[in-house]
Number of protein chains: 4
Amino acid sequence: MCSRTSSRSRTGRPRSAEADAAILDATRAALVELGWSKLTMGDVATRAGVAKTTLYRRWASKNELVVDAVAVLFDELELPDRGSLAADIEGVVRQFAALLERPEAKTALMAVVAESTRDEPLRQRIRASIVERQKRLVLQGRRRAQERGELPPPAPDSGPSSGTDDLIFDVVAGAVVHRALVSAEPVDADWAQRFTALLLGGLAAATQG
Amino acid sequence: MCSRTSSRSRTGRPRSAEADAAILDATRAALVELGWSKLTMGDVATRAGVAKTTLYRRWASKNELVVDAVAVLFDELELPDRGSLAADIEGVVRQFAALLERPEAKTALMAVVAESTRDEPLRQRIRASIVERQKRLVLQGRRRAQERGELPPPAPDSGPSSGTDDLIFDVVAGAVVHRALVSAEPVDADWAQRFTALLLGGLAAATQG
Amino acid sequence: MCSRTSSRSRTGRPRSAEADAAILDATRAALVELGWSKLTMGDVATRAGVAKTTLYRRWASKNELVVDAVAVLFDELELPDRGSLAADIEGVVRQFAALLERPEAKTALMAVVAESTRDEPLRQRIRASIVERQKRLVLQGRRRAQERGELPPPAPDSGPSSGTDDLIFDVVAGAVVHRALVSAEPVDADWAQRFTALLLGGLAAATQG
Amino acid sequence: MCSRTSSRSRTGRPRSAEADAAILDATRAALVELGWSKLTMGDVATRAGVAKTTLYRRWASKNELVVDAVAVLFDELELPDRGSLAADIEGVVRQFAALLERPEAKTALMAVVAESTRDEPLRQRIRASIVERQKRLVLQGRRRAQERGELPPPAPDSGPSSGTDDLIFDVVAGAVVHRALVSAEPVDADWAQRFTALLLGGLAAATQG
DNA sequence: CTATAAGCGAGACGGTACGTCGCGTCTTAAT
DNA sequence: ATTAAGACGCGACGTACCGTCTCGCTTATAG
């Protein structure tokens, strides 16, 4: 976020912590009301009751601001233990889908990813703030399934992550996003179940084969 | 595109067909050079050797223009018969990934989808111009696999499409897009193979179960 | 107006005479409704039920069109014999003032004169169409006063016009226009009387001195 | 000009006074080079080295801007005491005529008056900025002539101005403008002398009668 | 207890792009 | 050849945001 190096001068008026929160709240509110493309920095500043200079002192651009504003939504993602891998997958699918139904997430997520295709620093920020938060769930779910014995134990020389984790992540996140935003169809219980069955079947085949 | 109903007035100077082509070419060139967010209507008009008004007479907004400009890229997608369902899937995955590596597609696709979350007509346009073009390949691949006997024949009372087709489509397209644009990792032969194995395993399990 | 040389080709469809009248009527109507600066060629064409090309075939610019449209108003100016020079002057003053109260004249006259300061051909057109029509009244009034014996007879070697005529013309027309448009005060009977007294007094002094 | 009331907000960056001057200078320069009808706000802004928004923040329209730009020319008008009423009148006539020969005044004056026929606020602005500045000279000249005894002293109950002042003003200003801009003839020493003789004769007759 | 320094709200600033309007020209098919 | 219709290249419009700047003021720590 607005990183202040520790070696920074200690004199002068400190930045207002309330302003930070007000700005992020205002950003989410503006996303809900206006959507990504009609959100303006001036409007956010006005909503937050803050001067434009205050805003620019903290975030260099609309993209970074929105990433930070939306990132906290992804903190809510959790993986409560539902007893089986299938139930866990269905849970995370439904949870992610619920997130994507929130208008601020829906409009912002694809937009910042689109911007990130031509802005590497932004891509890093998205990865750190959003993507890793999601990926964590995949690792956690896999580990839990291995503990339950639903999946074979990890190869002893493998690190904390693996290519299969990446594959699963892209399949799960990609399918849900595509269903929700491109096909614009509901990610309901039925779809989640059918998707989970497909995924588990594939995993089983890969494990056995 | 700029559909002219057949009942349209016959009087007056007809619209230039060359202008249409020049504008779409210019739009793709601008996407490559500038990316979505820095593309301007004025710049496109200049590149196309056309007045701004001519551009606005045909497309109401940047969004619609870009959808039309990018849509033709999806005409190139084909499904040559590679002899097996696995090979066909790998083929379509690689083909779609190749498309997503083109800078004009990469920068435009997510952007217009993001916009479409708040613009239903735009979503319809995307569906008609882009999504259906992709989905066609899924149907074609499934039909071909059924002819080969790799998949059970269609239920006699089912229509040309099914819920499973939709599921497969979201999984394939979503996974490839997510891999390419969000994870920003290459969709290489290895990944395509592993993804195909996962998908086929899931399909087999679903068919047998 | 729209001069057609007599040696003009006789083939092809002849120009519509009705269109000419309709265009000039439409121009005056537009002047009344919109004023000079908001009058547009396209709007005049629409009002006249005529294509823009038809309009441009006859008049090269808005300025010329408006001069022609307004010029006919000045045909109404006459100098009925009221029995004395004073009465004649008052009459012409009131008549000219009445003309300047018509909104189409008010908005157009100063505007075209302003344009004519940088457009010599336009100035000539104004002179021929408008100014000479006014000046005629001065000559006529002077001649009539000389016939009545109110003014000394013309010098035998003088032409039909003189420097004094020009001076009188500028004073009368200038004062009325300034009163009506710049001071924006009514040219009522009282003012006309006081102005006439001033002018006649000056004429008498000049004649005697 | 752009009057700033004393109760104006004290916060925020104050407006640049230099910008005001630069804009008015640029406006006069553009009037000289291009004339009224080809003067554009964008061009003025560029010449002044100022953004278009800065210009619009101060003046709502081209009309008001031009009035302010031209108004300062009328500050130069003075009435040096030449010893007699006749000489004073000739002086003011020549001075006003000299002003009207400046291209920026010539092209702008009639144009804004024409616009003012449909724009009451503009008319007030012209009156305050330009007309009153001219009228002042008439009052001053009359007062001076009364001090000299060339004119009878003012009626004791009359205010600072009178209907006769207005009449004289319309006659002088109107005649000079008409001569210079409509008849487009030079206001030379001879014309000024003949005009002054006419006017003085009329005044004498009015005073005696 | 003052001096220094940064933060802050306000709003003017130089820019860039917008989407619209009017211009005057042109290309149709129909008189 | 002229007409109505309307597309065309062009240029200006007035507005909206951008990101920066200059104000006067506030709120901290350091001397």
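As the structure is a prediction and not an experimental result, all values here were calculated from the model. Letters A, B, ... are given to chains in the order of the sequence lines, protein chains preceding strands, and every chain is numbered from 1.
Nucleotides of DNA chain E nearest to D:Gly49 and C:Lys38 differ in position, and the one nearer the 5' end is that of D:Gly49. Both D:Leu39 and A:Thr40 lie near DNA chain F, and the one whose nearest nucleotide falls closer to the 5' end is D:Leu39. When the nearest nucleotides of DNA chain E are assigned to D:Ala19 and C:Asp43 by heavy-atom distance, the more 5′-ward of the two goes with D:Ala19.
Atoms CD (A:Glu18) and P (E:dG9) sit 11 Å apart, rounded to a whole Å. Atom CZ in D:Arg15 sits about 13 Å away from atom C1' in E:dA10, given to the nearest Å. Rounded to a whole Å, the CD1 atom of D:Ile23 is 12 Å from the C1' atom of E:dA12. A straight line from CG of A:Asn63 to P of F:dC18 spans 12 Å, rounded to a whole angstrom. Between the CG atom of B:Leu55 and the P atom of E:dT20 there is a distance of 12 Å, rounded to whole Å. The CG atom of A:Asp20 sits 14 Å away from the C1' atom of E:dC8 (whole-angstrom rounding). Taking atom CZ of residue D:Arg47 and atom P of nucleotide F:dA12, one finds them 12 Å apart after rounding to whole Å.
Every residue was checked against the side-chain contact (heavy atoms from CB on, under 4.5 Å) condition with D:Thr46, not counting sequence neighbours, and none meets it. In terms of the side-chain contact (heavy atoms from CB on, under 4.5 Å) criterion, residue partners of B:Thr40 (sequence neighbours excluded) are, by chain and number, B:Asp43. Partners of C:Arg102 according to the salt bridge (Lys or Arg N to Asp or Glu O under 4.0 Å) rule, which considers only residues two or more places apart in sequence or in another chain, are C:Glu76, C:Glu104.
For E:dC13, the OP1/OP2 oxygens have a side-chain nitrogen or oxygen of D:Arg57 closer than 4.0 Å.
Ranking E:dC8, E:dC13, F:dG9 by closeness to the A:Arg58 side chain, first place goes to E:dC8.
Residues B:Arg125 and B:Ile130 form no side-chain contact, since every pair of their non-hydrogen atoms from C-beta on lies 4.5 Å or further apart.
Without hydrogens or angle criteria, D:Ser16 side chain to D:Ala19 main chain gives a donor-acceptor distance under 3.5 Å.
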Kindly list each side-chain donor-acceptor pair under 3.5 angstrom involving residues 29-39 of chain D, sequence neighbours excluded, with atom names and distances?
unit_1: D:Glu33; atom_1: OE1; unit_2: D:Arg47; atom_2: NH2; d: 3.1
unit_1: D:Glu33; atom_1: OE2; unit_2: D:Arg47; atom_2: NH1; d: 3.2
unit_1: D:Ser37; atom_1: OG; unit_2: C:Glu115; atom_2: OE1; d: 3.3

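For residues 21-30 of chain B, the salt bridge (Lys or Arg N to Asp or Glu O under 4.0 Å) pairs, not counting sequence neighbours, are B:Asp25-B:Arg28.
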Check your understanding: How would nucleotides 19-28 of chain F be written as a contact map, 5' to 3', with B for base contact, S for sugar-phosphate-only contact and - for no contact, using protein heavy atoms under 4.0 Å?
Key -> BBBB---BBS
